[in-house]
Amino acid sequence: MNTPANQPATVPTLRDILSARLRAAFAAVFPEADLAALAPDAVPATDDAFGDYQCNAAMAAARLLRLPPRDIAQRVADQLAGDDLLARVEVAGPGFINLTLADTALARRLEDLHAAPALGIPQPGLGKTILLDYSSPNVAKPMHVAHIRSTVIGDALKRIHRALGYRVIGDNHLGDWGTQFGILIMGYRHFLDTAALDTAPIDELQRVYVLSHQKCDDDPEWKDQARLELVKLQAGDPDNRALWQTFIDLSLAEFNRIYDRLGVSFELVRGESYYNDALPGVIAKLENLGLVRESEGALVAFLDDDQLPPCIVRKSDGGYNYATTDLATVFSRVEEFQPDAIIYVTDERQQLHFRQFFTVARKAGVQTRLRHIWFGLMRLPEGLLSTRSGTAIKLDLLLDEAERRALDIVQQASPGMPPEQQREVARAVGIGAVKYADLSQNPQSAITFTWEKALAMDGNSAPYLQYAAARISSVMDKYRERFPDGDFASAPITLDSAPGRRLALRLARYPDVVLDAALQEKPSLLADYLYELSQLYSSFYQNVPFLKAPDGVRESRVRLCALTARVLRHGLELLGITAPERI
RNA sequence: GCGCCUGUAGCUCAGGUGGAUAGAGCAUCGGACUUCUAAUCCGAUGGUCGCAGGUUCGAGUCCUGCCAGGCGCGCCA
């Protein structure tokens with residue numbers, strides 16, 4: 001956090017350091033070679049047997065340099081020999097350069113990481129702002145299980161970018177404007193059950209909306225009236241306006257309950273309605289720039305040059321639509337926050353819309369990097385989730401069930417724990433399991449929702465990671481209990497066991513992983529890493545004694561445990577998952 | 001019809017810029033708790049990476065064509 005002014009903002013990661021040495025070695029041996037084309041980078045070894053890192057550039061360089069790849073690799077390897085970081089440099093196969101770090105260098109790297117602010121995570125985001133648009137549920141509709149994807153992925157992306165030094169503004173762009181409100185107002189006035197509104201307001205709003213919507217289909221007069229109510233609302237009619245505000249207040253109260261349970265928060269909650277007054281100005285701007293023209297009564301931006309279908313910015317009835325609101329929103333955000341990037345997290349169905357809208361925005365002068373992070377639709381084994389057919393599973397229900405199952409396990413595993421603590425642990429474990437189930441897979445894959453998968457609590461799951469963290473806490477406590485005068489925190493780390501060394505190597509990669517997760521916009525990369533880290537720790541824990549080890553060795557191993565706990569908890573925090581001290 | 005995405009073990013999924021015998025979890029089978037939390041660990045079984053061509057030293061990864069599925073394609077968001 002408090003990076004002193006004289007320190008570089010970005011500390012090199014282990015991969016950076018090794019890549020720099022490889023580059024220097026290539027440059028020394030082949031001064032005429034184009035290093036940019038060769039990109040002699042260090043990548044993690046594909047197999048422990050090959051070493052810690054490898055470089056594959058010699059094979060690619062063979063054609064450019066007109067030399068056999070093994071010769072190139074050998075000359076680079078010779079150049080690297082004696083490097084203080086490396087214990088071994090070997091040429092293998094067709095021309096792989098295999099690097100094995102010196103144990104002392106790896107141990108020192110860990111000690112530096114342990115001492116560094118933020119665990120040595122680089123800070124490429126210092127001085128930069130990112131605006132993140134995620135969650136964005138519709139007012140007067142319950143949040144169901146599919147909403148968790150945008151919410152949880154967006155929140156994790158926010159945390160990951162913050163760790164890299166970015167200023168990140170999370171904005172919940174609520175669906176609080178549009179044609180549905182006329183229908184809802186009619187439903188509210190005619191079908192409302194006030195008792196139901198008190199106990200379950202959103203369910204009741206949803207119920208009267210569905211009734212009113214059905215009546216629109218059967219009764220043209222009803223439909224006209226609904227349209228009229230919408231016009232009145234948009235014209236600022238006080239009654240309808242008050243009703244609309246009620247819908248928003250009730251919805252936000254419900255959404256906030258769920259966000260609290262999930263540990264998700266926003267810096268801004270600006271729904272579509274926030275930009276209403278700006279919409280005519282957007283149209284005027286597009287017209288002035290000559291980006292739009294009338295077609296079939298609507299105002300349309302034609303994007304033939306970009307090989308995209310036309311984008312309607314004003315309907316033939318004079319009303320505005322999604323594209324108009326999104327343009328108004330992006331103009332407003334650019335002006336107010338001057339972000340370096342705006343990232344939208346929505347489901348896959350909106351890809352075309354975003355490509356169109358980004359194209360129009362750029363033509364209208366928006367230079368900010370605009371990114372659409374999309375994720376696959378969530379469905380049920382029997383088909384799509386549907387609110388109307390009642391197959392949608394409410395998010396609350398899923399979270400309740402997750403906590404209930406977690407509580408069963410906690411009560412069974414820790415019967416001596418005070419009930420209140422059991423409930424607290426069950427909350428962290430249950431919610432963590434649900435979030436992790438989503439975060440641990442590639443966002444772009446479609447998810448078929450099953451209770452079994454969403455609530456998995458063994459194997460590759462949040463509880464596995466939380467369990468590893470809790471075991472470490474326990475080791476720490478036992479250490480302090482048995483060795484009150486011991487001091488592992490400043491003990492030198494020595495890598496004297498194979499499981500310990502594997503763990504150490506993985507720990508040293510943490511900063512690179514956080515960086516990659518942000519660059520590739522995939523929290524799943526971080527989740528995968530944390531799972532592997534936990535596996536390596538579990539193996540270390542199971543096979544290497546800590547507290548019974550001799551003086552010195554014990555301290556070194558416990559310190560490795562402590563560092564693992566820090567990385568694990570830090571990483572889980574970036575995913576928005578809390579790790580209790582005890583499970 | 002056009003566009004985007006997906007197809008990897010019985011099931012659910014990982015597999016940066018092409019790299020060495022394709023990896024996990026679940027399930028199945030066999031071991032390990034008088035010892036730091038067994039929600040764990042150790043081991044085994046399990047694969048024509050949808051199909052067919054191509055590019056090259058080398059393809060799950062890149063290109064082309066098929067097959068199967070999902071999503072989208074002018075006044076919804």
Side-chain angles (χ1 to χ4, degrees), chain A residues 39 41 43-47 49-50 54 56 59-60 62-63 68-69 92-96 98 136 138 175 177-180 272 295-300 302 307-317 319-323 325-326 346-353 355-356 374 376-377 379 384 406 409-410 412-414 429 437 440-442 444-448 450 452-453 456-461 463-464 466-468 470-479 482 516 519-520 522 524-525 527-528 531-532 535 538-549 557-558 561 582-583:
Chain A
D41 295 331
V43 297
T46 52
D47 191 309
F50 301 142
Q54 65 186 54
N56 306 326
M59 289 164 304
R63 177 160 301 149
F96 298 103
N98 289 335
S136 309
N138 287 325
W177 202 248
T179 48
Q180 75 269 28
E272 291 164 1
S295 169
E296 298 172 35
L299 199 62
V300 179
F302 286 91
Q307 295 174 332
L308 288 171
C311 177
I312 292 178
V313 296
R314 194 180 62 205
K315 298 187 283 183
S316 52
D317 68 1
Y320 305 108
N321 60 13
Y322 193 32
T325 310
D326 271 349
T346 82
D347 75 55
E348 60 179 313
R349 287 175 298 188
Q350 302 190 34
Q351 287 178 83
L352 180 58
H353 162 73
R355 280 169 60 200
Q356 292 176 303
W374 56 268
L377 279 178
R379 64 191 64 248
L384 273 178
I409 298 171
V410 174
Q412 202 178 340
S414 307
V429 169
S440 64
Q441 73 182 303
N442 186 337
Q444 302 192 339
S445 57
I447 282 190
T448 300
T450 60
E452 187 190 36
K453 202 187 343 164
M457 296 200 189
D458 45 37
N460 188 356
S461 68
Y464 180 93
Q466 291 166 321
Y467 180 67
R471 289 214 288 200
I472 300 175
S473 295
S474 186
V475 168
M476 297 301 151
D477 286 356
K478 290 274 181 359
Y479 176 86
R482 294 184 200 174
D516 286 347
L519 287 176
Q520 297 187 41
K522 284 182 177 177
S524 59
L525 294 181
D528 280 351
Y531 177 59
E532 286 164 6
Q535 280 183 309
S538 294
S539 179
F540 179 53
Y541 175 90
Q542 207 84 22
N543 296 300
V544 180
F546 313 147
L547 301 182
K548 286 186 304 186
R557 289 175 182 173
V558 171
C561 289
R582 292 284 172 278
I583 285 189

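Here is how names work: the chains are called A, B, and so on, in the same order as the sequence lines, proteins then strands, and each is numbered from 1.
- Residue A/A92 is classed as a base contact, given a heavy-atom separation below 4.0 Å to a base.
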- Note on the structure: Whether each nucleotide of nucleotides 6-15 of chain B has a protein heavy atom under 4.0 Å at its base (B), only at its sugar-phosphate (S) or at neither (-) is summarised, 5' to 3', as ------SSS-

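- More than 90° away from 0 lies the glycosidic angle of B/C71, which makes this nucleotide anti.
- Within 4.0 Å (heavy atoms only), A/P545 reaches at least one base atom of the nucleic acid.
- The P atoms of B/A44 and B/G3 are separated by 47 Å, rounded to the nearest whole Å.
- Taken from CD1 in A/I472 to OH in A/Y479, the straight-line distance is 16.0 Å, to the nearest 0.5 Å.
- Of all nucleotides listed (B/U40, B/C42, B/C36), B/C42 comes nearest to the side chain of A/N543.
- A donor and an acceptor atom never sit less than 3.5 Å apart when one is taken from the side chain of A/D458 and the other from the base of B/A38.
- Spacing between B/C41 and B/U56 at atom P, rounded to whole Å, works out to 46 Å.
- Of the listed nucleotides (B/U40, B/C4, B/U21), B/C4 has the atom at the smallest distance from the side chain of A/Q351.
- Residue ring and nucleobase are not stacked for A/F96 and B/G19 under a centre distance beneath 5.5 angstrom and an angle between planes beneath 30°.
- Map A/D41 and A/F50 each onto its nearest nucleotide of RNA chain B; the residue landing nearer the 5' end is A/D41.
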- Nucleotide by nucleotide, nucleotides 72-77 of chain B touches protein heavy atoms under 4.0 Å in the pattern (B base, S sugar-phosphate only, - none) SSBBSB

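- The separation of B/U21 from B/C49, taken at their C1' atoms, amounts to 15 Å, rounded to a whole angstrom.
- Which of B/C71, B/C36, B/U21 sits closest to the side chain of A/L377 comes down to B/C71.
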- Item | Per-nucleotide pairing state of RNA chain B [Watson-Crick or G-U, under 3.5 Å; [ ] pseudoknot-crossing; | other strand] | (((((((..((((.....[...)))).(((((.......))))).....(((((..]....))))))))))))....

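- Between the side chains of A/S538 and A/Y464, at least one donor N or O lies within less than 3.5 Å of an accepting N or O.
- Classification of B/G31 as anti follows from a glycosidic angle more than 90° from 0.
- When each of B/A20, B/C41, B/C57 is scored by its nearest atom to the side-chain atoms of A/R63, the top-ranked nucleotide is B/C57.
- In terms of position on RNA chain B, the residue among A/V544 and A/G459 whose nearest nucleotide sits closer to the 5' end is A/G459.
- Comparing the P positions of B/C67 and B/G47 gives an interatomic distance of 29 Å, to the nearest angstrom.
- If you check every strand for non-hydrogen atoms under 4.0 Å, A/A39 touches nothing.
- The side chain of A/Y541 sits closest to B/U37 out of B/C57, B/U37, B/U40.
- If you take atom C1' in B/G7 and the same atom in B/U48, they sit 15 Å apart, rounded to whole Å.
- Taking atom P on both nucleotides, B/U61 is separated from B/C51 by 11 Å, rounded to a whole Å.
- By the 5.5 angstrom centroid cut-off and the 30-degree plane limit, A/Y531 is classified as not stacked against the base of B/A24.
- The side chain of A/S474 sits closest to B/C36 out of B/C4, B/C36, B/G25.
- Rounded to whole Å, the P atom of B/G15 lies 16 Å from the corresponding atom of B/A20.
- For B/G23 and B/A39, the P atoms lie 29 Å apart once the distance is rounded to whole Å.
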